[in-house]
J.: 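Just passing along the structure, written as structure tokens.
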Amino acid sequence: MTATIIDGKKAAERIKARIKAEVAMLKAKPGLAAVLVGENPASKVYVDIKRKTCDEVGVYSELYKLPEETTEKELLHLIDKLNKSERIHAILVQLPLPKHISEENVLKEIAIDKDVDGFSMINVGRLASGEETAVPCTPKGVIRLLEENGIEVAGKNAVVIGRSNIVGKPVAMLLLNRNATVTVCHSKTRQLGEYTKGADILVVAVGKPKLVNGDMIKEGATVIDVGINRIDGKLVGDVDFESAMKKAAYLTPVPGGVGPMTVAMLIENTLERYKEIMGK
Ligand code: NDP
């Protein structure tokens with residue numbers, strides 16, 4: 001078997017084109033504020049891509065690049081200002097934050113209707129109880145790739161490797177909400193391969209190159225590789241692409257899989273937040 005490659009770049013382009021057309025019809029533009037604290041090089045790249053994408057689709061954006069030594073109080077002050085801004089409908093705080101700032105304290109200050117990433121406790125609780133109001137962008141992108149490729153989720157065995165609040169847990173919730181039988185694996189899981197070999201849908205979100213190879217994949221499975229790792233300047237995922245291609249029916253590449261979908265979902269969520277706030 002040779003897997004069909006799931007093209008996240010193309011899917012993201014289609015979504016962005018649809019949003020661009022919709023935004024062009026709006027008198028007042030949706031506005032996204034992105035806040036970056038510190039010097040994390042990957043975070044810098046991500047916020048720049050997000051900002052560029054806003055420009056591409058006609059979404060108004062403000063980018064706040066704050067120094068590493070910014071205090072929690074200063075950051076909360078900025079969030080308060082953005083909460084009150086009429087130009088801003090969606091607020092994104094790029095994670096991780098420097099160690100001296102509590103992510104929890106910051107995320108809970110974002111106005112609930114401007115919580116574009118869905119990381120606030122209220123939106124986490126909503127998702128856990130099956131209400132998908134503001135869904136985190138990467139997990140939403142994973143589900144959209146399954147939907148766009150006609151991959152049935154209900155009744156399937158889904159295995160998610162990784163249990164972070166940003167990716168693993170929300171992906172598991174979304175799959176469960178769609179009636180998959182979901183197993184979540186993590187660093188303490190013993191015999192990882194025994195779980196992955198039973199997966200019809202395998203989502204890998206760890207950050208370890210080649211954690212999963214073809215021998216660990218069920219023949220005909222759908223494999224979504226969320227991982228982003230840099231090796232000698234080249235981006236690779238968590239799945240050994242060559243051997244996985246021989247076992248899976250569908251496989252996402254890295255780059256060009258989940259990554260572009262994350263950005264497209266951010267823009268989609270920005271538009272959703274705008275509509276909610278404007279009562280449209
Ligand atoms: P975290 O580091 O927060 O979480 C990693 C998870 O992997 C943890 O739950 C950890 O388990 C688990 N883990 C670590 N080692 C193993 C192992 N050997 N076997 C099984 N599980 C293991 O990462 P994130 O969730 O934030 O991100 C995961 C990956 O996805 C990263 O590569 C990141 O760069 C990428 N990413 C990609 C995005 C995209 O748009 N494509 C967006 C966001 C992230 P434990 O909980 O026990 O520690």
Side-chain angles (χ1 to χ4, degrees), residues 5-9 11-12 15-16 34 36 40-53 92-97 99 103-104 107 116-119 124 127 135-146 158-175 182-199 202-213 215-217 223-231 234-241 251-269:
I5 293 177
I6 295 180
D7 191 336
K9 209 168 161 215
I15 293 162
K16 286 190 286 182
L36 171 68
N40 184 318
S43 294
K44 277 185 173 172
V45 172
Y46 296 146
V47 291
D48 284 341
I49 294 172
K50 288 167 184 175
R51 172 151 209 198
K52 233 177 79 200
T53 310
L92 170 151
V93 176
Q94 187 68 40
L95 302 180
L97 287 169
K99 295 260 176 300
E103 288 184 357
E104 198 191 327
L107 294 176
V116 72
D117 266 329
F119 291 155
V124 171
L127 179 59
V135 176
C137 302
T138 302
K140 190 177 181 186
V142 167
I143 298 299
R144 190 63 63 81
L145 283 178
L146 297 175
V159 172
V160 180
I161 317 181
R163 57 173 165 180
S164 71
N165 292 336
I166 295 171
V167 190
K169 277 185 204 157
V171 166
M173 293 294 176
L174 290 167
L175 290 166
V182 183
T183 306
V184 181
C185 299
H186 45 77
S187 69
K188 307 288 184 290
T189 300
R190 294 182 190 157
Q191 313 281 350
L192 184 63
E194 295 310 308
Y195 295 95
T196 58
K197 276 189 269 186
L202 177 61
V203 181
V204 192
V206 172
K208 288 210 158 77
K210 299 196 183 199
L211 179 75
V212 170
N213 61 42
D215 291 340
M216 298 165 74
I217 295 171
V223 180
I224 308 287
D225 189 355
V226 183
I228 301 178
N229 308 286
R230 204 172 286 272
I231 295 184
K234 204 174 151 243
L235 288 188
V236 296
D238 291 343
V239 176
D240 176 42
F241 190 77
L251 177 63
T252 59
V254 178
V258 176
M261 288 300 283
T262 295
V263 183
M265 293 298 104
L266 172 70
I267 304 299
E268 187 175 279
N269 280 2

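Atoms within a ligand are numbered from 1 in the order they appear, just like the ligands themselves.
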J.: Does any non-hydrogen side-chain atom of V203 lie less than 4.5 Å from one of V226?
T.: yes
J.: With no hydrogens and no angle check, just 3.5 Å: does a side-chain donor-acceptor pair link K208 and N229?
T.: no
J.: Polar pairs, ligand 1 vs protein, N/O only, below 3.5 Å.
T.:
| residue | atom | partner | partner atom | Å |
| --- | --- | --- | --- | --- |
| ligand 1 | 9 (O) | R163 | N | 2.8 |
| ligand 1 | 11 (O) | S187 | N | 3.1 |
| ligand 1 | 15 (N) | K208 | NZ | 3.2 |
| ligand 1 | 21 (N) | H186 | O | 3.4 |
| ligand 1 | 21 (N) | S187 | N | 3.4 |
| ligand 1 | 25 (O) | S164 | OG | 2.5 |
| ligand 1 | 32 (O) | I228 | N | 3.0 |
| ligand 1 | 32 (O) | I228 | O | 3.4 |
| ligand 1 | 40 (O) | T262 | OG1 | 2.7 |
| ligand 1 | 41 (N) | V226 | O | 3.4 |
| ligand 1 | 46 (O) | R163 | NE | 2.7 |
| ligand 1 | 47 (O) | R163 | NE | 3.4 |
| ligand 1 | 47 (O) | R163 | NH2 | 2.8 |
| ligand 1 | 47 (O) | S187 | N | 3.2 |
| ligand 1 | 47 (O) | S187 | OG | 2.5 |

J.: Rounded to the nearest 0.5 Å, what separates atom CD in Q94 from atom CG in L36?
T.: 6.5 Å
J.: Testing I49, L92, T53 for side-chain contact (heavy atoms from CB on, under 4.5 Å) with L266, which one passes?
T.: L92
J.: To the closest 0.5 Å, what do you measure between CZ (R190) and OH (Y195)?
T.: 9.5 Å
J.: Considering non-hydrogen atoms only, spot the tightest contact between T138 and V167 and give its length.
T.: CG2-CG1, 4.2 Å
